[in-house]
Colleague: 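Below you'll find the structure I mean.
Sequence lines set the chain letters: A, B, ... in the order given, protein chains first and strands last, and positions in each chain run from 1. Nothing here was measured: the structure is a model prediction, and the numbers come from that model.
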Protein chains: 2
Amino acid sequence: MQEHENIFEAFLAEKGLKFTLPRKLILDTVFGLHEHFDAEQLYDLIHRVSKEVSRATVYRTLPLLVEAGLIQRSVRSESRDTFEHIWGHPRHAHWVCKVCGSVHETDMQDAVRILQAKARAQNFSLTEINLTLTGICWKCQNHATESQ
Amino acid sequence: MQEHENIFEAFLAEKGLKFTLPRKLILDTVFGLHEHFDAEQLYDLIHRVSKEVSRATVYRTLPLLVEAGLIQRSVRSESRDTFEHIWGHPRHAHWVCKVCGSVHETDMQDAVRILQAKARAQNFSLTEINLTLTGICWKCQNHATESQ
DNA sequence: TGTGAAATGAGATTCATTCTCAATAAGGAT
DNA sequence: ATCCTTATTGAGAATGAATCTCATTTCACA
Ligand SMILES: [Mn+2]
Ligand SMILES: [Mn+2]
Ligand SMILES: [Zn+2]
Ligand SMILES: [Zn+2]
């Protein structure tokens, strides 16, 4: 059994909930992915493997995974909520280009340290950090320059 | 004429758009507010003063204000997009308590400096910073302790 | 005052997400 | 193994924020 399964099972047990097959399938698919994803993409992916999980269960399970600290909401893409796993992944910031829509990631350990100190100072028990930087990427700036 | 009006008018002119009465009403209401708001709240507020602005125009104007750099999307509240003005306001981080839902703000000039340096280093033209920290506030932690 | 483009309002539409509820599955107790 | 209670599920209906449509109005400028 993989560690994220242990974590989720323990989390569910704590709340008197069951580690069912649909929940296991969803969890494993999420941790088999290494990109941001939304509920619909996840539902499609699971369906390639098995027809066992309904859309409703996908939508119901995602908030449980968030609560368990395994995933977090990420940059909202168009009109959909997106997620990414955080368990086992370093904190990173998202740089969103408002021209081409690309999303880059960078390390943010230095900023994280500052924020964690701030959280301690005000007695805030910090679990998620969501840092999104919006602007124009270097590629799109170059395009703008060329076309002048 | 207030400065945000000048900025918006210049922005619109640049794009061949007009600084109309509905847009002016929306802008002034936004800058008369000093809290986070969503489109519906804004629409209601404007309606107390005048029946001149439709819901559609509110929804259409908000992205223009974002593009003009006057407001930005903020912490998503329930299912609605929320906004806050940024022009004339220092950057701040949002601390969201996942128990009571409260949203606190703190200064983040130090983190901003780090991020701006990072943006320069990778040639990213940075216009918006959105930093949301999720966890449990000190009040809710105390409640949890008391009830044990 | 006339012209063309931009803007608007009312309401229809979209579509991601949540909800409902009857049917199942889990798993502890006996 | 069988009961029993409670959690879970799937299918589809419902919700509702946001967007779109399009006929009408306003604007800027000549
Ligand atoms: Mn990411
Ligand atoms: Mn704020
Ligand atoms: Zn770009
Ligand atoms: Zn709280």
Side-chain angles (χ1 to χ4, degrees), chain A residues 5 8-30 36-47 49-68 71-83 101, chain B residues 5 8-30 36-47 49-68 71-83 101:
Chain A
E5 290 182 354
F8 195 35
E9 187 166 20
F11 167 82
L12 291 169
E14 174 85 13
K15 307 196 69 163
L17 304 177
K18 295 162 188 172
F19 189 44
T20 60
L21 183 61
R23 283 175 180 158
K24 181 168 156 29
L25 270 171
I26 291 166
L27 176 67
D28 290 346
T29 307
V30 164
H36 297 179
F37 61 91
D38 62 43
E40 198 64 25
Q41 292 170 332
L42 186 53
Y43 173 72
D44 288 345
L45 266 173
I46 293 171
H47 257 222
V49 174
S50 149
K51 298 251 173 275
E52 296 305 314
V53 181
S54 75
R55 187 177 273 103
T57 299
V58 169
Y59 275 100
R60 281 191 282 236
T61 303
L62 286 169
L64 292 173
L65 292 174
V66 171
E67 208 185 332
I71 68 175
Q72 77 174 206
R73 268 162 217 281
S74 182
V75 181
R76 207 175 150 73
S77 154
E78 296 168 28
S79 54
R80 294 177 177 182
D81 282 350
T82 68
F83 300 84
Chain B
E5 290 182 355
F8 195 37
E9 187 167 21
F11 167 82
L12 292 168
E14 174 85 14
K15 306 196 67 160
L17 305 177
K18 296 162 186 170
F19 189 44
T20 61
L21 184 61
R23 283 175 180 158
K24 180 167 157 33
L25 271 171
I26 291 166
L27 176 67
D28 290 345
T29 308
V30 163
H36 298 178
F37 61 91
D38 61 44
E40 198 64 25
Q41 291 170 334
L42 185 55
Y43 173 71
D44 288 346
L45 267 173
I46 294 170
H47 258 223
V49 174
S50 149
K51 297 251 173 276
E52 296 304 315
V53 182
S54 74
R55 188 176 272 102
T57 298
V58 170
Y59 275 100
R60 282 192 280 236
T61 303
L62 287 170
L64 292 174
L65 293 173
V66 170
E67 210 185 330
I71 67 176
Q72 76 174 204
R73 271 161 216 281
S74 181
V75 181
R76 207 176 152 75
S77 153
E78 298 170 25
S79 54
R80 294 177 178 181
D81 282 351
T82 69
F83 301 84

Colleague: Atom CG of B/Leu21 and atom P of D/dT26: how far apart are they, to the nearest Å?
Modeller: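 So the CG-P distance, B/Leu21 to D/dT26, works out to 11 Å.
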Colleague: Looking at C/dG9, does its base get a donor-acceptor pair with the side chain of B/Arg60 below 3.5 Å?
Modeller: yes
Colleague: Rounding to an integer number of Å, can you tell me how far B/Leu42 CG sits from D/dA18 P?
Modeller: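 After rounding, the gap between these two atoms is 12 Å.
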Colleague: Report the nucleotide, chosen from C/dT8, D/dA17, C/dA16, that has the shortest atom-to-atom distance to any side-chain atom of B/Arg80.
Modeller: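 The answer is D/dA17.
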Colleague: To the nearest Å, give me how far apart CZ (B/Arg23) and C1' (D/dT26) are.
Modeller: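 It works out to 12 Å between those atoms.
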Colleague: Contact class for B/Asp38 (heavy atom, under 4.0 Å): base, sugar-phosphate, or nothing?
Modeller: nothing
Colleague: For B/Leu12 and C/dA7, what is the distance between atoms CG and P respectively, to the nearest whole Å?
Modeller: 8 Å
Colleague: Separation of B/Asp81 atom CG from C/dC15 atom C1', in whole Å?
Modeller: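 Taking atom C1' of C/dC15 as the reference, CG of B/Asp81 is at 15 Å.
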Colleague: Which of these, A/Gln72, A/Gln41, A/Arg73, sits in a side-chain contact (heavy atoms from CB on, under 4.5 Å) with A/Phe83?
Modeller: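 Only one option passes, and that is A/Arg73.
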Colleague: Please pick, from C/dC19, D/dA18, C/dT8, the nucleotide with the shortest atom-to-atom distance to any side-chain atom of B/Thr57.
Modeller: C/dT8
Colleague: Take the protein atom NZ of B/Lys18 and the nucleotide atom P of D/dC27, then report the distance between them rounded to whole Å.
Modeller: 9 Å
Colleague: How long is the line joining CZ of A/Arg55 and C1' of C/dC19, in whole Å?
Modeller: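 So the CZ-C1' distance, A/Arg55 to C/dC19, works out to 15 Å.
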Colleague: Contact class for A/Leu17 vs. all strands (heavy atom < 4.0 Å): base, sugar-phosphate, or nothing?
Modeller: sugar-phosphate
